[in-house]
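Here is the structure we will look at.
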Amino acid sequence: MDNFLLCFNAIVPLLLLMLLGYWLKRVNFIPKAGFDAMDKLCFKILVPTMLFSNVYGADFSRQFHLNATVFMELSILGTFFVSFFLVPRVIPGSREDIATVIHGVCHGNLAVLGIPLISNLFGDGGMAVYSILLACTSPMINPLMVFEHVYFQGHRIKPGRLIVNVFSSPFLVGTLAGLTCKILGIRFPLFLQTTISNIKA
């Protein structure tokens with residue numbers, strides 16, 4: 001029963017937020033342009049800042065888990081290869097449809113859904129662990145997704161494009177920036193720490 005309540009209290013707030021967004025859109029309280037702007041704000045500013053803050057403040061001696069990192073890496077690779085070879089054989093449709101299905105199966109929304117779920121379940125301590133895991137898995141997920149889209153569109157695979165796509169991801173940029181500041185021992189003045197904390201919140 002305790003496990004049920006724990007999961008219920010972690011998942012239901014996300015569902016209620018989705019319902020709130022759906023209702024706001026249905027009654028046109030926020031126009032489509034407003035949702036597009038909020039989506040861009042979250043994707044390019046808010047979530048990367050949160051990842052930066054979580055990694056920057058993490059205690060890697062306690063919050064880096066090698067077994068969990070290896071498990072996630074292998075799970076992503078396994079899911080991708082199974083989907084890459086299985087989906088074209090069982091999903092009718094165009095090659096673009098196949099690429100979209102594979103993307104949906106493999107991408108997993110580790111940031112969009114994973115971050116609020118982990119936050120609800122484990123608080124800031126869990127967020128630091130999860131942010132480190134994201135930092136380790138993002139460099140693998142992004143090139144795999146670009147590769148399968150390019151492959152099924154019939155284009156030639158360009159390694160340069162893969163590299164640019166990987167390192168232009170706002171989530172990865174925020175995570176790597178936090179990791180760099182952590183390694184270099186950079187300390188921010190109090191007013192800047194407060195600003196970062198407010199944006200994260």
Side-chain angles (χ1 to χ4, degrees), residues 4-58 76 79 91 93-94 96-135 137-139 141-146 148-149 153 164-178 188 190-201:
F4 172 78
L5 289 175
L6 178 66
C7 294
F8 181 88
N9 290 326
I11 294 173
V12 170
L14 302 183
L15 297 178
L16 293 178
L17 283 175
M18 292 178 190
L19 287 174
L20 174 62
Y22 176 76
W23 178 76
L24 291 173
K25 185 175 182 180
R26 282 296 300 268
V27 300
N28 203 33
F29 187 86
I30 300 176
K32 183 179 183 302
F35 278 105
D36 291 342
M38 286 191 293
D39 183 65
K40 188 175 181 180
L41 175 67
C42 288
F43 183 74
K44 294 194 173 184
I45 303 295
L46 302 184
V47 175
T49 300
M50 181 174 63
L51 291 171
F52 170 88
S53 179
N54 290 338
V55 173
Y56 177 73
I76 291 169
T79 302
I91 299 293
S94 66
E96 288 186 1
D97 292 336
I98 292 171
T100 300
V101 171
I102 294 174
H103 184 95
V105 169
C106 297
H107 200 272
N109 282 325
L110 295 178
V112 176
L113 292 179
I115 287 174
L117 185 59
I118 294 296
S119 178
N120 290 346
L121 282 170
F122 304 111
D124 288 342
M127 282 300 302
V129 174
Y130 191 70
S131 297
I132 294 171
L133 288 174
L134 280 181
T137 55
S138 291
I141 294 175
N142 289 345
L144 287 177
M145 296 302 97
V146 174
E148 58 95 9
H149 273 288
Q153 289 173 0
V164 169
N165 182 270
V166 169
F167 289 98
S168 62
S169 166
F171 295 167
L172 184 60
V173 169
T175 303
L176 291 180
F188 299 107
L190 181 59
F191 74 90
L192 197 52
Q193 293 181 38
T194 302
T195 301
I196 293 172
S197 179
N198 288 339
I199 295 173
K200 170 187 172 181

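Starting from 1, each residue takes its place in the sequence as its number. The shown structure was predicted, so the numbers you read here are calculated from the model rather than taken from an experiment.
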May I have the step-by-step check of side chain to side chain contact (heavy atoms under 4.5 Å, CB included) for D97 and I91, ending in yes or no? CA-CA 9 Å; D97 292 336; I91 299 293; 5.6 Å; no

Carefully, step by step, assess L24 and F35 under the rule side chain to side chain contact (heavy atoms under 4.5 Å, CB included). CA-CA 10 Å; L24 291 173; F35 278 105; 4.2 Å; yes

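F8 and P13 make their closest contact through O-CD, 3.9 Å (heavy atoms, listed as atom of the first residue, atom of the second, distance). Closest approach of K200 to N54, counting heavy atoms only: NZ-OD1, 3.0 Å. The two residues G178 and F52 make their nearest non-hydrogen contact at N-CD1, 3.1 Å. When all heavy atoms are compared, the tightest approach of C42 to P48 is O-CD, 3.6 Å. Shown here for C106 and T79, the closest heavy-atom pair between the two residues is SG-O, 3.9 Å.
A 6.0 Å sphere centred on CD of E96 holds no more than 12 heavy atoms belonging to other residues, nucleotides or ligands.
Once rounded to the nearest 0.5 Å, the distance linking CD1 of I30 with CH2 of W23 reads 9.5 Å. Expressed to the nearest 0.5 Å, how far CG of L19 lies from CZ of R26 amounts to 12.0 Å. The OG1 atom of T49 sits 7.5 Å away from atom CD1 of I196, with the distance rounded to the nearest 0.5 Å. The CG atom of N9 sits 9.0 Å away from the CZ atom of F4 when rounded to the nearest 0.5 Å.
With sequence neighbours excluded, the residues forming a side chain to side chain contact (heavy atoms under 4.5 Å, CB included) with T195 are I199, listed by chain and number.
The salt bridge (charged side-chain N to carboxylate O under 4.0 Å, His left out) pairs that include a residue from residues 36-51 are K32-D36, where partners are two or more places apart or lie in different chains.
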